[in-house]
Amino acid sequence: MAASPLDIISDLENRELVSQLAGGDELKDHLSSGSRTVYCGFDPTAESLHVGSVVPLLVLKRFQMAGHKPIALIGGATGLIGDPSFKTDERQLNSNEVVEQWVERLKPQLSQFLDFDCGENSAVLVNNLDWTQDYDVLGFMRDVGKHFSVNAMIQKESVKQRIEREGEGISFTEFSYMLLQSYDFAQLYKRYNCTVQVGGSDQWGNITGGIDLTRRMEQNQVYGVTVPLVTKSDGTKFGKTETGTVWISANMTSPYALYQFWLNVADADVYRYLKFYSFLSVNEIEEIEQSDKNSQGRREAQGILAAEVTELLHGSTGLTAAKRISDALFSGDIAQLTNEDLDQLELDGLPCTVFAGGNKGIVEVLVDTDLAKSNKMAREFIGNNAINVNGQLVDSVNFELDVSNALNGKYFLLKRGKKLFHLAKFE
RNA sequence: GGAGGGGUUCCCGAGUGGUCAAAGGGAUCAGACUGUAAAUCUGACGCGAAAGCUUCGGUGGUUCAAAUCCACCCCCCUCCA
């Protein structure tokens, strides 16, 4: 099913995964005429990658499947600076310790998708701190800085609003980010003969900067591919739910929550996301779309997408768990859950809050579980008939969770609204 | 260093002495309708059961009364040096 080296760009184009190509047909020839080395950088800006940032990483995997050698670069250096591209304001610098910690978290995440043991085109993991931390200031300014024209830099679309718009500004620190990323490309060319950089479409300016610098410092032509940022058809921000960002770390976003996130994708987006996030062929995806069109009611695509992505990120165990919880909760048959099922729900990552000390009033419980952010909101939810306990509608703010009624002697399954569940566990 | 503009509740943004917990929009949440959609409609949206309490960059002050006036300080932007 892997695309042959001949058509990786065509496959990406068919998946609408190409935003811009630096190099055009020459790049296509370059990729089809042999196994090349391709890199994509990820800055440590949080404890985990989120679903949006994983698209370029999957593209890197697609390159590897097509026979090329991928380099996943961790921005241990650039993460200390902060990329200003299309950001509306200057960001707070993170401390060295924090960035270092995030670098460590990022390593396994980047590694999990790529094959590091497949001979010639095995993946490589690098950190740009390795070639920047000991570079002396004067040397850097003379060797690298001299190749950049400030006149050209301030023309870049990615920093335009920071420079032109009143009320915004940009520090020299962030402004110089481009030099570092450009230098990365030149270094990777030198060290690994890396000739292609992949990045989000917001990285265009940084990528072309690297192409120019590599030409000047290494006298060689290299190329770039940008991947569109994932958007939603309704214009809202992709990758967020009521509980916040959807992370790829199972500790931060449970497989169940991830599965639910994809299951709730809008019809208008789901086929595009299948192309972005699954390794199903474009033909297979089109067949799904066709079959959905011909059938009534709920589409199947969301379920397929949810299954594909959950399995990709958390393996078949994660997927099974996510499905099991989803089936149990949304079948409406909460009373039918066995004791083992309940224990399993907790293990599978359904949010759970532990209580001690006997019966508790519903308002207090809602606040303690974060299902309501204040007593007032808790009362309002109850007033709106939005709260369920063990499948029963709560109709009074005086309702008490009576431990003698707990499922399996300790659990209460709380539901707020239509699809937000939480376990209360009494000990 | 100088001149000017600005910092309002999650975001944008009105408010220039009482009628202000603070217009309007967005986001968010809940309900109805549905497919655990979309669109639409309804409601909520600082805390508190309430009385009331705490908010408008910070600190002090004027006043019966301040987001609004005064002083000092901090931060951001633009232009000049």
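Convention: sequence-line order gives letters A, B, ...; per-chain numbering from 1.
Nucleotide B:A30 is matched to B:U42 when pairs are restricted to Watson-Crick or G-U wobble geometry with both distances under 3.5 angstrom. Nucleotide B:A81 forms no Watson-Crick or G-U wobble pair with any nucleotide shown, as no partner meets the under 3.5 Å limit on both distances. Across every strand in view, B:U59 sits in a pair with B:A71 that passes the Watson-Crick or G-U test at under 3.5 angstrom.
Which of B:A37, B:C47, B:A30 sits closest to the side chain of A:R416 comes down to B:A30. Distances were taken from every side-chain heavy atom of A:S374 (C-beta onward) to each of B:C29, B:A37, B:G48; the shortest belongs to B:G48. Closest contact between the side chain of A:K376 and the listed nucleotides B:A49, B:A37, B:G48 involves B:G48. In this structure, the nucleotide among B:U34, B:U36, B:A44 sitting nearest to the side chain of A:K419 is B:U36. Distances from the side chain of A:K373 to the nucleotides B:A49, B:U36, B:C47 place B:C47 closest.
Comparing the same atom, P, in B:U40 and in B:A27 gives a spacing of 10 Å after rounding to whole Å. Rounded to whole Å, the separation between the C1' atoms of B:A23 and B:C56 comes to 14 Å. Taking atom C1' on both B:U28 and B:U9, the two are 14 Å apart, rounded to the nearest angstrom. Taking the C1' atoms as reference points, B:G48 lies 11 Å from B:U54, given to the whole Å. Taking atom C1' on both nucleotides, B:U62 is separated from B:G17 by 11 Å, rounded to a whole Å. Here the separation of B:C75 from B:U59, taken at their C1' atoms, is 15 Å to the nearest Å. Between B:C80 and B:C12, the two P atoms lie 28 Å apart (nearest whole Å). Taking the P atoms as reference points, B:C72 lies 14 Å from B:G4, given to the whole Å.
Residue A:R299 is classed as a base contact, given a heavy-atom separation below 4.0 Å to a base.
Here the P atom of nucleotide B:A39 and the CG atom of A:D269 are 11 Å apart, to the nearest Å. Between the CG atom of A:D267 and the C1' atom of B:G35 there is a distance of 8 Å, rounded to whole Å. Between A:N385 atom CG and B:U42 atom C1' the separation is 14 Å, expressed in whole Å. As rounded to whole Å, 8 Å separates atom P of B:A38 from atom CG of A:N264. Separating the CG atom of A:L393 from the P atom of B:A32 is a distance of 10 Å, rounded to the nearest angstrom. Residue A:M377 contributes atom CE, which lies 12 Å from atom P of B:G31 at whole-angstrom precision. Remark: P of B:A44 and CG of A:N375 are 19 Å apart, rounded to the nearest angstrom. As a whole-Å value, the separation of A:K418 NZ from B:U34 C1' is 7 Å.
Ring orientation note: the planes of A:F426 and A:F355 are close to parallel, at an angle under 30° on the 30°/60° scale.
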Yes or no on side chain to side chain donor-acceptor pair (under 3.5 Å) for A:D43 and A:T45, after CA distance, side-chain angles and deciding distance? CA-CA 6 Å; A:D43 276 359; A:T45 54; over 6 Å; no
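Both thresholds, 5.5 Å between centres and 30° between ring planes, are met by A:F330 relative to the base of B:U36, so the two rings are stacked.
A distance of 6.0 Å or more separates the ring centres of A:Y177 and A:F172. Under the 6.0 Å cut-off for aromatic ring centres, A:F421 and A:Y256 do not qualify, their centroids lying 6.0 Å or more apart. Two rings, from A:F238 and A:F261, have their centers less than 6.0 Å apart.
Position along RNA chain B of the nearest nucleotide to A:E380 versus A:V265 favours A:V265 as the more 5'-ward residue. Each of A:Q260 and A:I387 has a nearest nucleotide on RNA chain B; the 5'-most of these lies closest to A:I387.
Other residues, nucleotides and ligands place no more than 12 heavy atoms under 6.0 Å from the CD atom of A:Q392.
The closest side-chain heavy-atom distance from A:L188 to A:W131 is below 4.5 Å.
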